[in-house]
Each structure stands twice: as structure tokens, then as C-alpha cells.
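In what follows, a structure is listed as C-alpha cells, so that the remarks can point back to it.
First the proteins, then the strands, lettered A, B, ... as listed; each starts at 1.
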Protein chains: 2
Amino acid sequence: MIEIGEVTVPAATVSRLPYYLRALRDLLRDGVTTTSSSALAERSGVGSAQLRKDLSYLGSFGTRGVGYEVETLASSISTALGLGSEHRLAIVGVGNLGNALANYSGYAARGFRLVALIDADPDVVGRRAAGLEVEHSDRLEEILAARGVSMVILATPGAAAQAVAERIVECGVREILSFSPVALQLPDDVVVRSVDVAGELQILAFHAAARHAQEGATVDGRTAPAATAR
Amino acid sequence: MIEIGEVTVPAATVSRLPYYLRALRDLLRDGVTTTSSSALAERSGVGSAQLRKDLSYLGSFGTRGVGYEVETLASSISTALGLGSEHRLAIVGVGNLGNALANYSGYAARGFRLVALIDADPDVVGRRAAGLEVEHSDRLEEILAARGVSMVILATPGAAAQAVAERIVECGVREILSFSPVALQLPDDVVVRSVDVAGELQILAFHAAARHAQEGATVDGRTAPAATAR
DNA sequence: CGTTGTGAACAGGTTCACAGCA
DNA sequence: TGCTGTGAACCTGTTCACAACG
């Protein structure tokens, strides 16, 4: 649970707000002005009760018997998410993935501004992407301070991640989105969201194995790749 | 909860198995042969009770008073995750992100084999990445069938995602890792894991807003500037 | 002894079902 | 009438604390 102002919002709710916001923006684009919890929930991939309960943590935005005004609700969620103020973003680690993330075009529309690209590899330093030049990580502290960076996307190799993260935190950054597959040890007040592509694939592999185990069992009784039983 | 063989494993547990596996591989690399639940938990970023409970769903792997043998445990988890058999992988949508994902080098080591790159853009078709040539999505069904693809990474623009996903499912693929920021409407037996970079940033923004609201409130009631430590 | 494996207590999140209201 | 907002019931997952045991 996360406190904001005098309200408390469950972490699970916060993690769904971006879905609602996206669905609302799609509706706006399509010229829809009013929607209902069930219609919006379907677009967001959740249940309608879930959606209403989530919104109830932020306030009361709908009209009973009618539904929600798309534009109003979108801006309310947007405000709750803190997208009113601009967040200045740096990408540290500009390999394949960091480069792809730099070229992502959706930052500005969502209140983020990419202001620095940083890497340790001399071959990468000096390259340009997204209108920025990649700068050397020796100057990391200087750059983060000068550009007023408040959020960092960390896309370094795993071996470098912990050390770099510590330097970043030392600069006062408290929100990090990490793509490095390591559990970062950082002070409690630092928020780290972690995206791990290989891990996601492994989770899918587990589901595949479960499916095959079941089919194997029901179809012909032979063992499919399964858990080492107890 | 997910059934595999005669065992039932909570989804939350499955989502942590990759962390444990990674930590174990790091230990192996460092030549460590034995570890304890608390040491392994620390490396994985979870509590030790959590780790032991998670492992208990898969079986009993440790020695009381001693701990776990790193290699044995790693291979047990690996088997549970279905990484024994090879999973044939296609990337659909080879833009910035798809390209970066194609160049990721860790697939083979984790039991995945990238066997096709597919895109709808004629400018992209024909390019090479990771030893493969990008092929046109007109031939998607043909390619997935011929290569025995069982898992797909979907990295198309949002507008195309739903339609492409339906074609993929039609080919018998039941595990999809999507990077497109839309809630895919697919049959219940299809497992979709979704990674949304913009969404993750928005969640971080919420945390930043919460932090500022608190500081602003306690400091002087006005909105506080940047997060200079607490 | 020291560490695992696990029942039992707890916490958090989801779903239900309906009262409240335009 | 129909949809929102929400207390209460339910369910899932986490943490505690200790018995089991090499």
C-alpha cells in the first residue's frame, strides 16, 4: 500500500492504473466521450468490480446510472500518476536494449523527458540516439545533477548493475527501472521496478511444461517433462 | 495456482523461480557448491521463509542443518521450469525493440532457440539479425508451422497486436510474451505475459508523486522540489 | 547444532452482491 | 432503471515460529 496525500492506494491498484489510462486514451482517440466500468474493464483486461474498486481508492469519478466521462477520468488518473509534472529521465547502459529504449517515441506524450544517455563503453560513447549523444559514465554524477534527472532506466550488463545503481542512488535518484537480471541491494526508500525478459520466457516455459504434463497424462499416460516429483 | 504433474504451484511462486535459478547460476559460476536458504534468498531479493516455502511446492531439495547443493537445486528448478526441452521461439515485430530482443544472446543458455523473425514492413523484411533473415508476415502461418514454433515474442505496434496475436494463436501457439501495450483478447488457455515499459515508468512516477506529496506536506505544505534524500 | 520444511496466523487483494443515487 | 461505489466474504499469498532431522 502506498500513501499519497491523505489517501492510501494498494500497490496492486497502482500497477493497473496505466492500463486504464491507456484504454481511456484509446477511447478518446476514437472520439468516445462516455464509458462504463464494464466496457472500460474489458478493454483493460480486468473485471469490472476490480476497476470500480481501484478507482474508488483515488476518489469518485462516475455518475451512477450513466458511467464515466472519458476525458475527465483520464485526466484524474493522469494526475494521480503524477504525470502532470515532467519527469527527467536518463538511460544508463546504451547497448542493444538501451538503444531501443532510447528510440522509443512515447516518452514525451506521457510526461517523461529523456535528457541523457550514459554508457561505459568507449565505442558507444559519442554515438547519437533520439537527438542525444551518449556520454561516458565517468561523468555520471555530474550529468545526472546538471540535467536534474529524477528517474533512471538501467540497462547495463548484469555485472555492472549493482555498482552503477549505487552511484545513481547516491545522486538522489529514487526511482529506477532496471532491465538487468540481478536483485539490486539498495536503500529501502528507493523504488526499483525490474523487467526481466529471460525470466518472463522461463515463466512461459513453466506454463508450457504444465500444459504438456497434463496432456501427456490424459492422452497416453507417459511422462512429459515435469517437475522432479517429491 | 498452476498444476504440473500431480503438484500444484502458486503463480506467485512460479514468477520467482527464475530469480532463484539465476542466483544459483551465479553461485555455480563462482565455484560455490553449497548454500543456505538465507544466503540464496538474499541474492534473490526475497525473504528466506519465502524461498523455503516456494521450494517446498516443488519438492524437498535441502539437507537439514546443512543447506542446499547448488548444482542439484539449480537443475531441479531448471527441470521444473521446463527448460530441459528446447523451446522454439519466434519474434514477431522487428522494430527497435524486436531487433534488440533478437540480438539478446542469452536464449540458448536458457533452453530457448530463436528460429524466426517476422515483420510486416517491407523495409524491415530481408534484414538480418542474430543469424536470421526477417521474413514477411504474410507467410506467418507457414513459417510458424514449418519451424515448429511454440512460443512467440510479440513486439509489433499496438494497433497490429490483436490481429497478429489471433493469427499466432490460430497456429497453435499457446505462450506469448507481449511488449505491445494493449490487453489482448485471446482464448483462456493462452498464456500471455505482458511487458509494458511506459506503464512501468508511470508506476515509478506514481511513487515519485507519493514521495513528493509526503515531503511537501511535512516540510512546508507547498509542493517540494526534487528528491534530495529524505 | 543449525538449517530445512511446514502448519498456523496473518495480511493483502479480489470478488460478490447490493445499497445509494443520478 | 441502470450503473456506480463499497462493505463484507472470500481467497491467495506471505510471514512466523517451531518441530523434524541430518
To the nearest Å, give me how far apart [atom1] ([X]) and [atom2] ([N]) are.
X: B:Glu69; N: C:dT4; atom1: CD; atom2: P; result: 14 Å
X: B:Tyr57; N: D:dG13; atom1: OH; atom2: C1'; result: 7 Å
X: A:Tyr68; N: D:dC3; atom1: OH; atom2: P; result: 12 Å
X: B:Asp54; N: C:dT4; atom1: CG; atom2: P; result: 14 Å
X: A:Leu51; N: C:dC16; atom1: CG; atom2: P; result: 15 Å
X: A:Leu58; N: D:dT6; atom1: CG; atom2: P; result: 12 Å
X: A:Gln50; N: D:dG5; atom1: CD; atom2: C1'; result: 14 Å
X: A:Arg52; N: C:dC18; atom1: CZ; atom2: P; result: 14 Å

*Got a salt bridge between B:Arg193 and B:Glu175, using NZ or NE/NH1/NH2 to carboxylate O under 4.0 Å?*
no
*Would you find a donor on one side and an acceptor on the other, under 3.5 Å apart, between the side chain of A:Arg43 and the backbone of A:Ser38?*
no
*Does A:Val169 offer a backbone N or O that forms a donor-acceptor pair with the side chain of A:Arg174 under 3.5 Å?*
yes
*C:dT4 base to B:Arg64 side chain: any donor-acceptor pair below 3.5 Å?*
yes
_Given B:Ile203, which partner from the list A:Leu17, A:Ile2, A:Val14 fulfils the side-chain contact (heavy atoms from CB on, under 4.5 Å) test?_
A:Val14
*Give A:Gly62 one of three labels, base, sugar-phosphate or nothing, depending on what nucleic acid heavy atoms sit under 4.0 Å from its own.*
sugar-phosphate
